[in-house]
Number of protein chains: 2
Amino acid sequence: MVRQPSINAQHRTPLSTERIIEAALRIVDGQGLARLTMRRLGDALEVEAMAIYHHLPRGKEQLLDALVTHVASSPAQADGAASAGWREPLRRWAAGYRERLLAHAGVLPLLVTRRNSAALTTTVRSLQEVLRRGGVGEEAAAAAAHTVLGYVIGHAALEVRGTPEDGADRPVDWDSRFTAGLDLVLAGVG
Amino acid sequence: MVRQPSINAQHRTPLSTERIIEAALRIVDGQGLARLTMRRLGDALEVEAMAIYHHLPRGKEQLLDALVTHVASSPAQADGAASAGWREPLRRWAAGYRERLLAHAGVLPLLVTRRNSAALTTTVRSLQEVLRRGGVGEEAAAAAAHTVLGYVIGHAALEVRGTPEDGADRPVDWDSRFTAGLDLVLAGVG
DNA sequence: ACCTGAACACCGTTCAAGT
DNA sequence: ACCTGAACACCGTTCAAGT
């Protein structure tokens, strides 16, 4: 058999930053953060690991930063129909954000590392937007945003680790516990 | 010169799990989690890396688990003088726990990984203790414990990443923001 | 412009051997 | 019982080379 090494290389769709990040996220979600290596990522993309560096010159650092941005940087929640007050929009925002964190739980440790503070700044700002549009003052909105985001991230961390029972050895219903805790926080806001 | 390889080996204090963990924590605090390697840890202890496996047979996994336990597993807060109510004890508990998390910020990502759920279970239980001793009912204490712990961990995560300014580009006073958010949460508890 | 192949300096871990 | 040394199968990354 004659080797035809160029056939695959020519016909496959070319690499792109988006495809790289999607593949990386698939590995993290399916196999865990520890199994995300440049070589395995290359395999998944049917490419040599070194090809990735052409799109992400800063290598794995840049890849991990991009994963954090992809998962943790919340969109500005263009809620369309202006709902009355901030309470309901904030509940929706928190529920959506929690869902994303849990869907990509492997990325959570990265969010807590020093990397990519821009991602969370965006998120804080979008949270403040929701509050201010609901009539909460500038100062109070800034404080409440940190409180709520802190709670959501922290609770997601507890959930992921999944202690199967509470202190009294009853199974924990995380969904209702999350909303209960959130309402508790929101009650404090105003 | 004649080599006398046994002199150092004989006179130095022997390895122990405690010394290993202390040295590991020193590396993580001083140089970051990424620089904690078995080989470097061995160097710090003036021992070959492989000697560590004699005390921690499960290797690096076990080492990281131990770090989480050391930092995140809160003591039962034997508060001595029974203070009235739960509010003040809880404030002290939260302040102390936050301080520990920030002092060993490099361990925070490990706390969010699936490892060692026993550590946080202990912490949740000690928090519930504080609440119940203050007269909060069983059910409410269980929910409040998760809420408070979630908030403290999440806020510590935000602090460590240290976005230097809030949404309005003012520098953030994390200390007062933490207590403000905590009071907000506590106001919800009761 | 985009990808490959070989090479380098590291990892964690095993296992037989030393004392 | 406790530690060492060599070895193995991996890493991330550089760099010259291919198309």
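Chain naming here is simple, since letters A, B, ... match the order of the sequence lines and numbering starts at 1 in each.
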Atom-pair distance ([atom1] on [X]; [atom2] on [N]), nearest Å:
X        : N       : atom1 : atom2 : value
Ile52(B) : dC11(C) : CD1   : C1'   : 13 Å
Leu63(B) : dG12(C) : CG    : P     : 10 Å
Asp43(A) : dC11(D) : CG    : P     : 9 Å
Glu48(A) : dG18(D) : CD    : P     : 16 Å
His54(A) : dG5(C)  : NE2   : C1'   : 16 Å
Gln62(A) : dG12(D) : CD    : P     : 15 Å
Leu56(A) : dG12(D) : CG    : P     : 13 Å
Leu64(B) : dG12(C) : CG    : C1'   : 12 Å

request  = Please identify each residue that fulfils side chain to side chain contact (heavy atoms under 4.5 Å, CB included) with Ala51(B), with sequence neighbours left out.
outcome  = Leu15(B), Val47(B)
With sequence neighbours excluded, residues passing side-chain hydrogen bond (donor to acceptor under 3.5 Å, both in side chains) with [X]:
X        : value
Asp29(A) : His104(A)
Arg35(B) : Gln31(B)
Glu22(A) : none

List every contact pair, protein side and nucleotides 13-16 of chain D side both N or O, where the distance is under 3.5 Å.
from: dT13(D); atom 1: OP2; to: Tyr53(A); atom 2: OH; distance (Å): 2.6
from: dT13(D); atom 1: OP2; to: Lys60(A); atom 2: N; distance (Å): 3.0
from: dT13(D); atom 1: O5'; to: Tyr53(A); atom 2: OH; distance (Å): 3.3

query = How would you list, by chain and number, every residue that makes a ring-ring contact (aromatic ring centres under 6.0 Å, His included) with Tyr97(A), sequence neighbours excluded?
reply = Trp93(A)
inquiry  = Does anything in residues 106-128 of chain A form a ring-ring contact (aromatic ring centres under 6.0 Å, His included)? List the pairs, not counting sequence neighbours.
reply    = none
ask   = Any side-chain N or O of His55(A) under 4.0 Å from OP1/OP2 of dC3(C)?
value = yes
key: side-chain N/O Arg40(A) vs dC11(D) OP1/OP2, d < 4.0 Å   = yes
ask   = According to the Watson-Crick and G-U wobble definition with distances under 3.5 Å, which dot-bracket string, read 5' to 3', encodes DNA chain C, using [ ] for crossing pairs and | for pairs with another strand?
value = ||.|||||...|||||.||
request  = Just grab all the side-chain hydrogen bond (donor to acceptor under 3.5 Å, both in side chains) pairs involving residues 50-60 of chain B, residues at least two apart or on different chains.
outcome  = Arg58(B)-Asp65(B)
request  = Give a yes or no on whether a salt bridge exists between Arg177(A) and Glu159(A), defined as a side-chain N under 4.0 angstrom from a carboxylate O.
outcome  = no
key: Heavy-atom side-chain proximity of Trp174(A) to His155(A) below 4.5 angstrom   = yes
